[in-house]
Asks: 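Here it is, the structure in full.
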Amino acid sequence: MTIVIIGGGIGGLTAALSLRQAGFRDIRVFDRVAELRPLGVGINLLPHAVRELTELGLGDRVAELGTAPGTLAYFNRFGQPIWSEPRGLDAGYRWPQLSVYRGRLQLALLDAVRERLGADTVRPGHRLTAVGHGPHTDVAIFDTADGEVRVEAGLVIGADGIHSALRRQHHPDEGDPVWNGLTLWRGTATIPAYLDGRTMIMAGDGEQKFVAYPVGAPDATGHARVNFIAERRTGATGGVTADWNRAVDPAPVLDLFRDWRFGWLDVPAVIAAADEILEYPMVDRDPIDRWTHGHSTLLGDAAHPMYPNGSNGASQAILDARTLAYHLATAPTTAQALAAYEADRRPATTALVLSNRRQGPEQVMVLAHERAPEGFRDIHDVIPADELAEIATGYKRAAGFHPDALNTRPSLTPPDPAR
């Protein structure tokens, strides 16, 4: 069976590797850009995603790209502690959480695809214009520099992001992604290591927030490379074009955070030390009630674009890819496999999209601000310990990475990949 994957991002490349591991051979990845280049800054791979990459034989390769945070800590905008918890191996998982550069991860996956599936597996310069649905196969139609290209396939996977052409074909009236009024500014900077050098911090509330985490270990001088996200509500909600790579002047961002000095972290200094600041809107899309049409389905941000609360977007795309490959390898027919894939993934990701709109695990910062806007002496005077723990635990369960469930869940590697 020929399988066409639209999109050479993290989800599409993981799907190609997972399908190859499951025994499929005729896999082709098409991307609209003329050359795949590393884009974006830091992301977090949660333990459930690291498990899947490890079972693909990529665990050591990915671990070398970044660092493993040991703690996640939440603070209010005055730097007062709200909640902290161990992460990854320190939290009892069998797999770490990893903080990596998105572009480096994408290139590592691309290298693995070319090694395992062949150098010509990924074909840039192909912009999907439509997918034709037939009784036994679908036809992916591309616009290229040399004219139209048509590829017949037993399965077409749309992993082409929040602006997915395949999704738009079946939801032509959906419009642009919906902005919630928050603007994010991302960057990386080399700064003196803060706290224990292995902590991911989130500070602020529902109106303004600062997130930082190391993407490398401290050097001999005690400095570490960190990824940061500065966030502020700046306008009314509505439609907006999502652009993750627009560089902006750091001065206005610095001004917004000029008073955020916590003793253990000087936020304005972090922003000022950035190589560049990339601006983008906080956008997602409403969940849809169907991903599969004919012999085609959606994956990753094409299926369920979500706010980055909870650090879950890339991890959920990896889970999609692994789940889809598992069902394709084990179900009697492609149609049954696609139905099982949707049954597993669509309700779970719909719940996550909606949870992230409610701030996901970052609700603790919102509650702290609502109940004590001027700060507090002890967070437990404001939010009981049981309530804090339930917010954190509930999100892990919903996102599929509660340690007890993840450590004992059966593998998504097919038991007999020979096909």
Side-chain angles (χ1 to χ4, degrees), residues 1-20 24-41 43 101-134 137-172 176-177 241-247 278 280 293-303 305 313-314 317-318 320-321 324-325:
M1 177 171 69
T2 298
I3 300 176
V4 164
I5 300 171
I6 314 300
I10 291 169
L13 295 172
T14 303
L17 291 165
S18 300
L19 290 163
R20 177 64 179 82
F24 296 93
R25 296 294 178 266
D26 190 359
I27 304 163
R28 310 174 198 178
V29 180
F30 297 88
D31 200 286
R32 64 183 299 160
V33 300
E35 179 184 2
L36 289 178
R37 296 182 294 109
L39 296 174
V41 282
I43 61 170
Y101 283 104
R102 183 196 179 281
R104 294 181 67 189
L105 173 62
Q106 182 182 7
L107 288 186
L109 294 173
L110 178 61
D111 288 344
V113 167
R114 287 171 170 162
E115 291 165 10
R116 299 179 186 184
L117 283 76
D120 63 346
T121 299
V122 179
R123 306 179 187 192
H126 286 68
R127 181 178 65 86
L128 184 75
T129 58
V131 173
H133 303 304
T137 59
D138 283 0
V139 176
I141 305 168
F142 300 95
D143 180 35
T144 77
D146 298 321
E148 183 180 276
V149 172
R150 303 169 70 90
V151 183
E152 185 176 357
L155 175 63
V156 176
I157 301 170
D160 47 343
I162 195 169
H163 298 297
S164 169
L166 181 56
R167 177 173 173 141
R168 185 170 59 250
Q169 175 175 325
H170 297 291
H171 300 272
D176 290 333
T241 300
D243 181 355
W244 280 263
N245 297 286
R246 188 169 74 89
L278 302 177
Y280 73 93
H293 296 265
H295 305 278
S296 303
T297 196
L298 301 173
L299 182 153
D301 280 351
I318 290 168
D320 287 350
L324 177 57

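The figures that follow rest on heavy atoms only: side chains count, while hydrogens, waters and symmetry mates do not. This structure is a prediction, so every number in the text was calculated from the model and none was measured.
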Asks: Looking at side-chain heavy atoms only, is the closest gap between Pro172 and Arg167 below 4.5 Å?
Replies: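 Not in contact.
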Asks: Filter on ring pair (Phe, Tyr, Trp, His ring centres under 6.0 Å), then keep only pairs touching residues 105-125, sequence neighbours left out; what's left?
Replies: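 Of all non-adjacent pairs touching residues 105-125, none passes ring pair (Phe, Tyr, Trp, His ring centres under 6.0 Å).
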Asks: Are Phe24 and Met1 packed together at the side-chain level, in the sense that at least one heavy-atom pair is separated by less than 4.5 angstrom?
Replies: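 With C-beta onward as the side chain, the pair touches.
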Asks: Using every non-hydrogen atom in the two residues, find where Ala16 and Val29 come nearest and quote the distance to one decimal.
Replies: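 So the minimum-distance heavy-atom pair works out to CB-CG2, 3.9 Å.
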Asks: Rounded to the nearest 0.5 Å, what separates atom OG in Ser296 from atom CD1 in Ile157?
Replies: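 These two atoms lie 9.5 Å from each other.
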Asks: Are side-chain heavy atoms of Ile27 and Arg20 found at a separation under 4.5 Å?
Replies: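 Sidechains of Arg20 and Ile27: in contact.
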Asks: Thr137: what forms a side-chain contact (heavy atoms from CB on, under 4.5 Å) with it, not counting sequence neighbours?
Replies: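 Thr137 satisfies side-chain contact (heavy atoms from CB on, under 4.5 Å) with Glu152 once adjacent residues are dropped.
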Asks: Are any non-hydrogen side-chain atoms of Ser164 and Leu298 less than 4.5 angstrom apart?
Replies: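 With C-beta onward as the side chain, the pair touches.
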Asks: Is it true that a side-chain atom of Arg246 and a backbone atom of Leu278 form a donor plus acceptor pair closer than 3.5 Å?
Replies: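 No: the side chain of Arg246 does not pair with the backbone of Leu278.
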Asks: For Ala15, check side-chain contact (heavy atoms from CB on, under 4.5 Å) against everything at least two apart and list the hits.
Replies: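 Ile5, Leu299, Ala321.
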Asks: Compare all side-chain heavy atoms of Ile10 with those of Ile43 and state whether any distance is below 4.5 angstrom.
Replies: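 Yes. Closest side-chain heavy atoms under 4.5 Å.
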Asks: Side-chain donor-acceptor pairs under 3.5 Å in residues 126-133, sequence neighbours left out?
Replies:
unit_1, atom_1, unit_2, atom_2, d
His126, ND1, Pro124, O, 2.9
Arg127, NH2, Asp143, OD2, 3.2
Thr129, OG1, Ile141, O, 3.1
His133, ND1, Asp138, OD1, 3.4
His133, ND1, Asp138, OD2, 2.8
His133, NE2, His170, NE2, 3.0

Asks: Can you name the residues that form a side chain to side chain donor-acceptor pair (under 3.5 Å) with Asp31, not counting sequence neighbours?
Replies: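 Side chain to side chain donor-acceptor pair (under 3.5 Å) list for Asp31, sorted by chain: empty.
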Asks: Check the pair Leu13 / Gln106 against side chain to side chain contact (heavy atoms under 4.5 Å, CB included), numbers first and verdict last.
Replies: CA-CA 8 Å; Leu13 295 172; Gln106 182 182 7; 4.0 Å; yes
Asks: Please name all residues satisfying side chain to side chain donor-acceptor pair (under 3.5 Å) with Arg28, sequence neighbours left out, ordered by chain then number.
Replies: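 Arg28 satisfies side chain to side chain donor-acceptor pair (under 3.5 Å) with Asp26 only.
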Asks: Decide yes or no for Ile6 and Leu166: does some side-chain heavy atom of the first lie under 4.5 Å from some side-chain heavy atom of the second?
Replies: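 No; the side chains remain at least 4.5 Å from each other.
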